[in-house]
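Below is one structure, written out as structure tokens; the observations come after it.
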Amino acid sequence: KTNSTAGSGDDAIWFKVLRAKSDGGGFLGSVRLKLTPPVKFKIIPCQNRLTALPVPPPNGKDKVWSFEMKEDSLAISCNNLLVLDYNFTEAKNASCSNRWIEKKVGQIKFSSLDDASDFYREYHPVCSSITVRNSVKETWPVQDVNSTIEIRCKPMYTLVGSKSLTCLESGTWLPEAACLGPP
């Protein structure tokens with residue numbers, strides 16, 4: 001999170017990305033955002049210079065930045081607006097894609113020169129709690145992806161749909177189910 005207006009100095013977000021131990025550990029690369037207008041980014045070793053973001057971040061003082069590693073790209077969002085979706089396979093530097101693609105992030109270390117608050121939380125997709133009215137158990141708490149719940153309807157109610165629902169990576173429960181019965 002940053003709390004400065006762009007243009008108020010040499011504000012920057014700068015961090016190193018380290019591989020997960022299960023992926024061999026060690027330095028993966030680093031990311032720098034320079035927050036003076038126009039906001040620019042640099043992904044090491046992919047780029048030699050700072051480049052303007054393709055989408056400018058929203059105006060305002062408080063900004064929450066999100067960084068998401070995908071299989072072959074890095075997505076950067078500001079206040080839920082996608083400002084960069086950097087595809088490593090399109091980098092001119094060949095070592096970029098070899099270094100970043102399909103790597104598991106183990107740790108992010110913010111630079112001492114960083115103006116952002118120093119916290120990192122790995123995102124684990126989940127499904128929100130679900131309620132199926134007239135089932136024996138009506139409400140299930142938040143569940144991790146690939147979790148399965150079993151629906152059993154109360155007496156005099158009939159199950160419509162599947163008795164097993166699965167939490168998908170998109171955060172939705174599928175297939176759908178309902179317990180229908182007397183009015």
Side-chain angles (χ1 to χ4, degrees), residues 1-128 142-146 167-172 174:
K1 180 177 179 179
T2 56
N3 63 356
S4 60
T5 304
S8 62
D10 190 30
D11 298 332
I13 299 173
W14 198 349
F15 59 86
K16 289 189 233 177
V17 181
L18 304 176
R19 283 189 193 132
K21 288 181 182 176
S22 63
D23 199 25
F27 180 73
L28 184 58
S30 64
V31 177
R32 180 177 183 207
L33 284 178
K34 187 169 181 173
L35 302 178
T36 52
V39 177
K40 295 181 179 182
F41 74 98
K42 183 176 181 179
I43 300 172
I44 297 169
C46 304
Q47 300 166 281
N48 294 324
R49 61 185 171 87
L50 289 164
T51 306
L53 288 172
V55 177
N59 291 327
K61 187 174 180 182
D62 290 326
K63 293 180 176 58
V64 175
W65 296 87
S66 301
F67 304 87
E68 179 184 0
M69 283 291 299
K70 299 178 182 178
E71 186 174 306
D72 60 358
S73 66
L74 171 69
I76 300 177
S77 299
C78 180
N79 294 353
N80 295 318
L81 172 68
L82 182 66
V83 294
L84 177 69
D85 193 4
Y86 188 87
N87 190 320
F88 298 117
T89 60
E90 296 172 6
K92 293 177 183 172
N93 183 338
S95 68
C96 174
S97 59
N98 294 340
R99 183 177 291 266
W100 284 91
I101 290 181
E102 296 181 11
K103 304 299 188 231
K104 294 179 183 171
V105 174
Q107 187 177 15
I108 290 179
K109 287 188 173 182
F110 286 89
S111 164
S112 60
L113 304 173
D114 197 327
D115 292 320
S117 57
D118 190 7
F119 80 92
Y120 163 67
R121 182 182 57 189
E122 187 176 354
Y123 171 72
H124 295 285
V126 295
C127 289
S128 58
V142 171
Q143 300 286 318
D144 289 330
V145 169
N146 295 325
C167 172
L168 302 180
E169 198 165 318
S170 62
T172 56
L174 285 180

Under 3.5 Å, is there a donor-acceptor pair between the side chain of R99 and the main chain of C46?
no

Shortest non-hydrogen contact from [X] to [Y]?
X	Y	result
T172	C127	O-SG, 3.5 Å
L82	I76	CD1-O, 3.6 Å
D85	S73	OD1-OG, 3.3 Å
Q143	C167	O-SG, 3.8 Å
N48	K42	O-NZ, 3.5 Å

Run the side chain to side chain donor-acceptor pair (under 3.5 Å) test against D72 and tell me which residues pass, sequence neighbours left out.
none

Would a 4.5 Å heavy-atom cut-off, applied to side chains only, mark P54 and L84 as touching?
yes

Taking the side chain as every heavy atom from C-beta outward, state whether Y86 and T51 have any pair of such atoms under 4.5 Å apart.
no

Taking it one step at a time, do I43 and W100 satisfy side chain to side chain contact (heavy atoms under 4.5 Å, CB included)?
CA-CA 10 Å; I43 300 172; W100 284 91; 3.8 Å; yes

State which residues pass disulfide bond (SG atoms under 2.5 Å apart) with C78; sequence neighbours excluded, sorted by chain then number.
none

Quiz: residues 87-96 side-chain donor-acceptor pairs under 3.5 angstrom, not counting sequence neighbours:
residue, atom, partner, partner atom, Å
N87, OD1, T89, N, 2.9
N87, OD1, T89, OG1, 2.4
N93, OD1, S95, N, 2.9
N93, OD1, S95, OG, 2.7
N93, ND2, P45, O, 2.6

